[in-house]
Amino acid sequence: MNDKLSPVLAKLMGLFLLGLIRTLTGAQARWQGCPPKAEQRIYFANHQSHADLVLMWAALPEELRSITRPIAAKDYWTTTPFKKWITTAVFNAIYVDRAKTGDQDPLEPLIEALTNGDSIILFPEGTRGNHEEPQKFKAGLYNLALKFPGVVLVPAWINNVQRVMPKGEVVPVPILCSVTFGAPIALGAGEDRGEFLARARQAVMDLRET
Amino acid sequence: MNTFLRNLSPSHQVGLLFVLVFGVLTLISVAVFVMSLRDTHEDDLHTQKLKEFSGLLRTSWLMSTVFWIGWTLGETVATVLFGLVAFFALREFITLSPTRQGDHRSLVLAFFVVLPVQFALVITRRFDLITVFIPVYVFLAIPVVSALADDPQRFLERNAKLQWGIMVCVYGISHVPALLLLKFPNYDGKNAFLVFFLVFVVQSCMIVEHLVGRKLQRPPSAPNVSKSFNWTSWLIAVLSASLLGGLLAGLTPFKPAQAVAMAFIACVSGSLGHLVMKALKRDRGIPNWGKRGVGVTGASGLLDRVDALCFGAPIFFHSVRWYFGL
């Protein structure tokens with residue numbers, strides 16, 4: 001692709017996607033526990049559909065969108081050149097390898113992004129759940145919280161996305177969705193890993209009924 | 001004055017109507033703005049009411065602008081605009097009615113096939129099909145698609161909900177622009193008045209019912225469904241809105257008595273339809289349509305504003321067509 005043209009295309013694609021997502025889902029952000037603020041944050045949310053990434057991206061205000069990088073599963077988002085282009089050029093996503101290869105740390109790209117000062121969007125379940133309640137959180141969130149104590153941890157609950165596009169379907173259906181952002185949590189001094197992850201999961205689930 | 005109005009061309013008359021509506025809206029908006037300047041207390045009752053009222057005012061501005069754009073750009077654009085209203089109303093309805101994965105294909109069919117086809121039928125004036133497409137053909141198509149999804153759990157309930165949503169949001173709303181296409185003798189280019197007549201009498205009926213209900217404080221007739229609905233204020237509202245319709249007879253192709261009768265039909269069906277939608281909301285355990293009380297339009301959902309029209313429009317449309325043999 002032409003180097004001069006591609007940022008323009010990415011911008012147009014971004015606008016088009018935003019319009020599409022808002023028409024289909026409303027992509028409403030409800031800032032309940034904290035205001036949208038340009039500080040370094042890790043947003044962590046429940047994961048039920050590949051569209052979660054897109055909805056989180058659309059729900060953030062314009063100013064935060066440019067400094068916040070969502071995590072995308074490498075095995076899904078790089079299968080076609082188009083998906084790859086959208087995740088890199090439009091969403092500015094970070095790829096994570098879900099299939100562990102050798103002794104390479106899967107958190108490496110996240111650590112790099114956080115070191116650069118970016119905020120990230122994380123789905124600590126690691127994989128899409130099919131149930132009402134989110135699955136147990138993976139250790140990544142804990143490791144990052146330990147490594148970057150200055151970064152604010154914001155829980156988020158994504159509502160309804162699985163109804164827009166259930167597993168295995170191609171055409172999305174218009175249904176109103178929302179993302180609820182809760183009050184930030186912090187890793188306590190000497191807090192146990194399991195305890196912290198359970199608390200983080202609870203913080204996400206608590207946002208369901210508010 | 002009257003002869004002056006009659007001598008204007010139809011499009012001038014409609015234009016004058018919009019000048020009047022926008023003029024009144026501007027006056028009210030200015031008044032509200034001045035009142036908000038004077039008010040210094042933050043969260044007393046008065047400020048709260050003013051806020052509510054400005055919300056309502058914003059909706060009125062939006063609706064009038066939509067009508068105006070629809071009228072200036074022609075019937076096709078107006079119909080497409082109503083199609084968008086139907087789309088957003090159906091989106092709210094479906095959001096608040098739980099669906100299962102097996103419903104996905106039926107939902108795709110409802111949003112992306114049934115809705116566009118119904119409005120395309122309106123644009124192409126297929127009156128024979130507009131009235132039967134959804135109740136006859138779609139009535140079968142949706143459950144067939146659902147059955148093929150191979151999920152029998154609460155099958156009737158899920159399909160009934162979807163049918164209802166399509167019937168109320170798509171079928172009902174599509175009959176408002178259908179009014180634009182009726183051909184009355186000696187009424188060319190004035191059909192926008194007919195839409196105005198319908199919307200105006202139905203909305204006046206709702207407002208009068210609300211105000212009278214507050215004043216009279218009668219016990220509600222169906223307290224579990226609606227705290228405000230009672231037969232006395234309902235009757236007062238319907239009768240006064242019908243009389244108002246009679247006063248507007250000059251705008252319509254009706255004689256005064258016919259206008260009263262048509263307004264009566266529209267108000268009865270609209271206000272009772274509003275009651276039905278309230279029962280649906282109670283069933284879902286929500287005060288308003290729209291996402292958890294915060295809908296597309298702000299204070300409440302779009303469906304809260306148009307539900308009376310959804311029921312009033314088809315009945316009004318068919319009464320008019322049947323009575324005048326169009």
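Side chains are part of it too, since the values below use all heavy atoms of this structure and drop only hydrogens, waters and symmetry mates. It should be emphasised that the depicted structure is a prediction, and the values quoted were computed from it without experimental measurement.
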- Message: Are more than 12 heavy atoms, taken from residues, nucleotides or ligands other than F16(A), located less than 6.0 Å from that residue's CZ atom?
- Response: no
- Message: Keeping H104(B) on the side-chain end and V171(A) on the backbone end, is there a donor-acceptor pair under 3.5 Å?
- Response: yes
- Query: Rounded to the nearest 0.5 Å, how far does CD1 of I175(A) lie from CG of L107(B)?
  - Reply: 5.5 Å
- Message: Using modelled atom types and a 3.5 Å cut-off, is there a donor and acceptor pairing between side-chain atoms of R91(B) and backbone atoms of T23(A)?
- Response: yes
- Message: Atom NZ of residue position K74(A) - does it have more than 12 heavy atoms of other residues, nucleotides or ligands inside 6.0 Å?
- Response: no
- Under a 4.5 Å heavy-atom cut-off, does chain A meet the side chain of R105(B), its backbone, both or neither? side chain
- Message: Report, in residue-number order, which members of residues 169-180 of chain B are under 4.5 Å from chain A by heavy-atom distance.
- Response: none
- Message: So does T95(B) get a backbone contact from the side chain of R163(A), meaning a donor-acceptor N/O pair under 3.5 Å?
- Response: yes
- Can you tell me how far the CZ atom of F111(B) sits from the CG atom of L24(A), to the nearest 0.5 Å? 9.0 Å
- Query: CH2 of W68(B): more than 12 outside heavy atoms within 6.0 angstrom?
  - Reply: no
- Query: Any chance NZ of K37(A) has more than 12 other-residue heavy atoms, nucleotides or ligands included, within less than 6.0 Å?
  - Reply: no
- Query: P172(A) and F112(B): which non-hydrogen atoms are nearest, and at how many Å?
  - Reply: O-CE1, 3.2 Å
